[in-house]
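Have a look at the structure below, then the notes.
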Amino acid sequence: MKKIKSAMTLIQSVLVILMMGFVTVMIIRIDALQGTARVINYAGIIHGATQREVKLEIAERPNDQLIEYLDEILNGLKFGGGKYNLVSLKDETYQQDLDEQMKYWQVLKDEIYKVRNIGYENTEIVDISEEYFRMADQTVFAAEDYSQSIATGLRYLEFLSTADISILIIIMIARYVENARIRRKNSQLEQQAYTDQHTGLPNKSRCESFFNDPEIMNQPIGCIVFDLNNLKTVNDRLGHSVGDQMIANFARLLRNSIPSPHFVGRYGGDEFMAVIYDGTEEQVSGILQKLEKEVKEFNHMHHGGSEYLEISYACGHAVSTDYPNCSFRVLFDRADRSMYENKITSHNHRK
């Protein structure tokens, strides 16, 4: 199990690192794609602007500013930056096509100057410009292909990122489910560790946990200690199974008489303990009266059977308001002493 958890942790860490890498590359790619869009736009502008320049020259309306504009764009496309903040695409085919276009642009400019000197009828400006336009279109196509390759790479990265996230989510869900299972198992084990299997009440360990809880005395507390009177006699004469049934019956009567959220636990073999939160003398007395009534009704229902089946108990209690600043241990000892006094009194009374 530990090896599986370690492997899942390692896989999760690798997937997170991969995701960070994917995101970084995607950001770079998206930035490159945005720059490529500007390149395609300005590479297309060259075609139209050059066509206009040729028409102006043929019409004997020279425009050196337009030639400078085209020079600026071509230099920006080749080397990046410049007046129009262009980028230089890192694509071999595009760079080769751009180099050929720029060389032929110089040929076209030489022909333009010829037109200015001898007239366009005596030059090859139309044929040269057509060839130049073809080259310009080829450069645009190369930029578009490069842009498409970036977009394809982005889609591939998106697919990998989606797969990465999906696996991460599956691992996280699996770990959450496993942790929930472990928490539930631990809760069950903890409950079993603090539960008396015979009565279903909290066991002695849980009862004694109150002794180490300093906050329990931050509110008025009532502590009641109970002890079955005739359990040993029942065990000796009728067997331990009958004694166990008596313990279970008394535990059920205690739980019925002492409502939640007050605490009821089995402290020992025939001893029980109750903690009454916000407890007062009146409240504790009311609970004990209710228990006495429940026990009488139970014994009445079993009247006619063996006298040893009837429940008889001793009890004692103490409330924290009677012992200011005492610990729960002291309060328990006071209740326990009161229970023994009640047990002795009841025993003498039966005599």
Side chain Glu294, main chain Leu254, donor-acceptor under 3.5 Å: no
Beyond-backbone contact of Ile125 with Leu108, side-chain heavy atoms, under 4.5 angstrom: yes
Aromatic plane relationship, Phe211 with Phe332 - under 30° parallel, 30 to 60° tilted, over 60° perpendicular: perpendicular
Heavy-atom donor-acceptor pair, Arg255 side chain to Ile258 backbone, under 3.5 Å: yes
Flag if over 12 foreign heavy atoms under 6.0 Å of CD, Glu297: yes
Side-chain heavy atoms of Tyr120 within contact of Val54, under 4.5 Å: no
More than 12 heavy atoms of other groups within 6.0 Å of Gln219 CD: yes
Salt bridge (Lys or Arg N to Asp or Glu O under 4.0 Å) against Arg116, all qualifying residues, sequence neighbours excluded: Glu57, Asp64
Trace of the side chain to side chain contact (heavy atoms under 4.5 Å, CB included) decision for Thr36 with Glu144: CA-CA 8 Å; Thr36 304; Glu144 289 176 342; over 6 Å; no
Flag if over 12 foreign heavy atoms under 6.0 Å of NZ, Lys109: yes
Atom CD of Glu124: over 12 foreign heavy atoms under 6.0 Å: no
Polar side-chain atom of Ser209 near backbone of Arg206 as donor-acceptor pair, under 3.5 Å: yes
Whether Phe226 and Phe250 hold their rings parallel, tilted or perpendicular, with breakpoints at 30° and 60°: perpendicular
His47 and Phe133 aromatic ring geometry - parallel, tilted or perpendicular at 30°/60° bounds: tilted
Stepwise ring-ring contact (aromatic ring centres under 6.0 Å, His included) test for Phe210 and Phe328: CA-CA 7 Å; Phe210 285 97; Phe328 187 81; 5.6 Å; yes
Under 3.5 Å: donor-acceptor pair, side chain of Gln95, backbone of Leu89: yes
